[in-house]
Amino acid sequence: MQYRRFGRTGLTVSRLCLGTMTFGLQTEEYVSRSILDRAADAGVTFIDTADVYPLGGGEEIAGRTEEIVGRWMKGRRDRFIVATKAVGKVGPSSWDQGSSRKHLLDAIDASLCRLGTDYVDLYQLHSDDSGTPLDETLEALDTIVRSGKARYVGVSNFLAYRLARALGRSDVLRVVRFVSVQPRYNLLFRQIERELLPLAGEEQLAVIPYNPLAGGLLTGKHRHDVPPAEGRFTTAVGKAGAMYLQRYWHQREFETIEKLRGIAEQAGESLTKTSLAWVLANPLITSAIIGASHADQLSESLSAADLALDPELKAQLDDTTAEYRWGDAAR
């Protein structure tokens, strides 16, 4: 496993990060533990979770994933970099969501309890809460870091202009600054190359993309004319299944996948390994978040960290998916 410096910090993380959002719903605990074991054995030291996980479980079981990770880490917490997230709805009250001072201070304590630890290495805003002033959110995160409950803070699913504004407000207020961004990024979704990635480069932010395989579509195992039987594109993950269908399940995407499959096979590699290696080939990417529904699925993803794409192959992949830098406007 390779490791890389985490943005402008002194921290180093594995180039692959294990995502856990299926643990506790799609993936039973004993299977989740085997996935964690397999990743750890391969040198993955970076684990990402969130207080709303498992995906599609709703507020009734929010936090179950953190509990599974916490039980697995017992006795070896010091061997891993642990990231979690808050903002999503985790309870019945109106304030059990968002990035208000009240919610974030409550949410970090609840996450630490479930994870069985005194601190997390990275505490992230899962999304942008436009209803809460940025200053309030930043000052709450500053309190969390100064209290020792988190080492660093980051964001996920932020637009570039909102992240830039947050960084500016942090400097003005002299409070803790975001050190990372967690966006969606893959060969079928390249919009972040236009503004977010240049901002990350200029500000020396760590970039830890999720969905590097487009929810499994870039494994090549699905067909457009055959409804998925299991996984993220089904009702097994509740409303999230419809969200994934809307994101990726389109004729254009499947036609692109066939082109990509041909390019990968000509290079003697699998589509899975090639797609993930393409994400890691971007010099601004720090660590890519991978997932699995069982331990055996991790093998190809783990091997992608060691695949250095030939410049000609990368150029082919870039050219084939160039339209995905512009989103739905290209349809």
Any side-chain donor near an acceptor of the partner, [X] and [Y], under 3.5 Å:
| X | Y | value |
| --- | --- | --- |
| T12 | R5 | no |
| W278 | D318 | yes |
| T20 | T49 | yes |
| Q191 | Y324 | no |
| Y210 | N157 | yes |
| T143 | R101 | yes |
| T132 | T137 | no |
| D48 | Q182 | yes |
| S100 | E136 | no |

Could you tell me if the side chain of [Y] sits less than 4.5 Å from the side chain of [X], heavy atoms only?
| X | Y | answer |
| --- | --- | --- |
| I81 | L122 | no |
| I208 | C17 | no |
| R151 | Y119 | yes |

Under 3.5 Å: donor-acceptor pair, side chain of [X], backbone of [Y]:
| X | Y | result |
| --- | --- | --- |
| D171 | G168 | no |
| E202 | P198 | no |
| S111 | I108 | no |
| E253 | L188 | no |
| S287 | S14 | yes |
| S270 | K273 | yes |
| K74 | R76 | no |

| field | Pair W72 + F80: ring centers closer than 6.0 Å | value | yes
| query | Do the ring centers of F158 and H126 come within less than 6.0 Å of each other? | reply |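 For F158 and H126, the ring centres are not under 6.0 Å apart.
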| Going from CZ on R15 to CE on M1, what distance comes out if it is rounded to the nearest 0.5 angstrom? | 10.0 Å
| request: Have a look at L218 and tell me which of T256, L260, T274, L276 forms a side-chain contact (heavy atoms from CB on, under 4.5 Å) with it. | output: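 With L218 as partner, side-chain contact (heavy atoms from CB on, under 4.5 Å) holds for just one option, L260.
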| request: Please answer: with hydrophobic residues joined when any side-chain heavy atoms are less than 4.5 Å apart, are L125 and F6 in the same cluster? | output: no
NZ/NE/NH1/NH2 to OD/OE distance under 4.0 Å, [X] and [Y]:
| X | Y | answer |
| --- | --- | --- |
| D106 | K102 | yes |
| D121 | R77 | yes |
| R190 | E323 | no |

| task | Assess whether side-chain contact (heavy atoms from CB on, under 4.5 Å) is satisfied between L298 and V44, documenting all intermediate values. | result | CA-CA 11 Å; L298 282 177; V44 174; over 6 Å; no
| query | What heavy-atom pair brings N186 and V279 nearest, and what distance separates the two atoms? | reply | CA-CG2, 4.2 Å
